[in-house]
Structures are given as C-alpha cells and as structure tokens.
Amino acid sequence: MPPLRRVVDHATTADARLYVWATNVNVRACAGTSASCPPIEGAQIGRRWVTAFCQRQSTEVVDGPYRNDWWVQVDAGGPVGWISAVYVRGGDNDQPVPGLSLESDCH
C-alpha cells in the first residue's frame with residue numbers, strides 16, 4: 001500500500017492521527033537509524049492508526065520505491081517513539097507528512 005496519499009487535510013500543533021501502512025515497523029528511541037537510536041525493545045507497529053505529535057529530518061530510509069528522511073514521533077498505545085515517515089500514509093518522497101507539525105511540538 002503506497003504511503004503517498006494524503007491522510008489529514010489540515011492539522012494544527014495538536015496531535016494528528018496517521019496511518020502506518022507497513023507491518024513490523026520499529027519504533028525507535030530517537031529519530032534515525034544510528035546505533036545511538038536503537039529500536040525500543042518489543043515496540044513494533046503496523047497497519048494501524050497512530051497518534052503523531054511532530055516530525056523532524058534525520059536518516060533517510062528507503063523501502064522499495066519509497067524514501068524519506070523525515071521521522072515522525074508517535075504513540076501507538078505503547079511507548080512514545082519515532083518511526084520513519086516512509087511508513088506513514090501521506091506525503092511524498094523526502095517530504096514532510098502534510099499537516100503534521102515540526103519538531104517544536106514534539107513530546
């Protein structure tokens with residue numbers, strides 16, 4: 001399922017609901033894939049709606065034809081953490097998720 005369709009028409013600095021289209025997406029302690037940003041143990045999400053707080057740029061992730069260097073801070077009913085925007089429906093390659101606030105609104 002491509003992550004290129006718009007999910008929210010308008011969001012403010014309040015939390016947004018976004019759909020994660022992939023399965024087994026690691027939720028990370030911080031935005032990025034470096035050793036200093038490990039996946040949170042036991043925190044994987046997929047094919048569900050999540051609460052998103054903000055986004056920021058970091059390491060680019062590529063999955064098939066999709067690529068993105070934006071990361072989204074989410075709460076999927078477990079610990080709050082970060083996922084690559086490549087797995088969020090909405091937006092375009094290497095572009096922020098439309099309508100989601102930038103990092104000044106992170107939790």
Side-chain angles (χ1 to χ4, degrees):
M1 196 182 294
L4 300 176
R5 295 192 329 205
R6 189 179 183 108
V7 173
V8 290
D9 289 327
H10 176 69
T12 64
T13 56
D15 305 344
R17 298 287 292 166
L18 301 176
Y19 188 76
V20 177
W21 62 268
T23 58
N24 300 317
V25 175
N26 286 320
V27 179
R28 294 183 172 270
C30 54
T33 58
S34 70
S36 62
C37 289
I40 299 171
E41 189 174 331
Q44 287 188 331
I45 57 174
R47 294 192 180 169
R48 63 178 294 183
W49 290 92
V50 297
T51 300
F53 305 113
C54 67
Q55 59 188 327
R56 69 171 53 134
Q57 285 183 290
S58 186
T59 312
E60 183 176 63
V61 171
V62 177
D63 191 338
Y66 309 113
R67 66 183 189 282
N68 210 314
D69 60 352
W70 285 86
W71 287 73
V72 179
Q73 188 184 47
V74 299
D75 180 351
V80 172
W82 294 86
I83 63 170
S84 171
V86 80
Y87 300 116
V88 174
R89 187 183 293 164
D92 220 339
N93 283 335
D94 287 329
Q95 297 296 314
V97 176
L100 184 59
S101 14
L102 300 178
E103 69 182 283
S104 61
D105 295 309
C106 295
H107 289 198

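We use all heavy atoms of the structure for the numbers below, so side chains are in, but hydrogens, waters and symmetry mates are not.
The line from CD of Glu41 to CG of Asn26 is 11.5 Å long, rounded to the nearest 0.5 Å. In this structure, CD on Gln95 lies 8.0 Å from CG on Asn68, to the nearest 0.5 angstrom. Here SG of Cys30 is found 9.0 Å from CD1 of Ile40. Values are rounded to the nearest 0.5 Å.
Counting only heavy atoms from C-beta outward, the side chains of Gln55 and Leu102 approach each other to under 4.5 Å. Residues Gln44 and Val25 have side chains not in contact (no heavy-atom distance under 4.5 Å, counting atoms from C-beta outward). Residues Ile83 and Val88 are in side-chain contact: their nearest non-hydrogen atoms beyond the backbone lie under 4.5 Å apart.
Both Trp49 and Ile45 belong to a common hydrophobic cluster when Ile, Leu, Val, Met, Phe, Trp and Tyr are linked at side-chain heavy-atom distances under 4.5 angstrom.
Although no hydrogens or angles enter the test, the distance criterion places a donor-acceptor pair under 3.5 Å between the side chain of Trp21 and the main chain of Val86. Checking side-chain atoms of Ser84 against main-chain N and O of Val61 turns up no donor-acceptor pair under 3.5 Å. Side-chain N or O atoms of Arg48 include one that pairs as donor or acceptor with a backbone N or O of Ala76 at under 3.5 Å.
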* Start with the C-alpha gap between Val72 and Trp82, add the side-chain angles, then the distance that decides, and say whether side-chain contact (heavy atoms from CB on, under 4.5 Å) holds. => CA-CA 5 Å; Val72 179; Trp82 294 86; 5.6 Å; no
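Residues Leu18 and Ala52 share a closest heavy-atom pair of CD1-CB, 3.5 Å. Of all the heavy atoms in Pro98 and Gly90, the pair that sits closest is CD-C, 3.8 Å. Of all heavy-atom pairs spanning Ser58 and Gly32, the tightest one is OG-CA, 3.5 Å. Of all heavy-atom pairs spanning Asp15 and Phe53, the tightest one is OD1-CD2, 3.2 Å.
Taking the salt bridge (Lys or Arg N to Asp or Glu O under 4.0 Å) definition, one finds that Arg28 meets it with nothing, sequence neighbours left out. Remark: Thr33 engages no residue in a side-chain hydrogen bond (donor to acceptor under 3.5 Å, both in side chains) (not counting sequence neighbours). Under the side-chain hydrogen bond (donor to acceptor under 3.5 Å, both in side chains) criterion, Gln57 pairs with Asp69, sequence neighbours left out. Remark: Thr59 pairs with no residue by the side-chain hydrogen bond (donor to acceptor under 3.5 Å, both in side chains) rule, at least two apart or across chains. Arg67 meets the side-chain hydrogen bond (donor to acceptor under 3.5 Å, both in side chains) test with Asp94; sequence neighbours excluded.
Judged as a side chain to side chain donor-acceptor pair (under 3.5 Å), not a single pair has a partner in residues 70-81 (not counting sequence neighbours).
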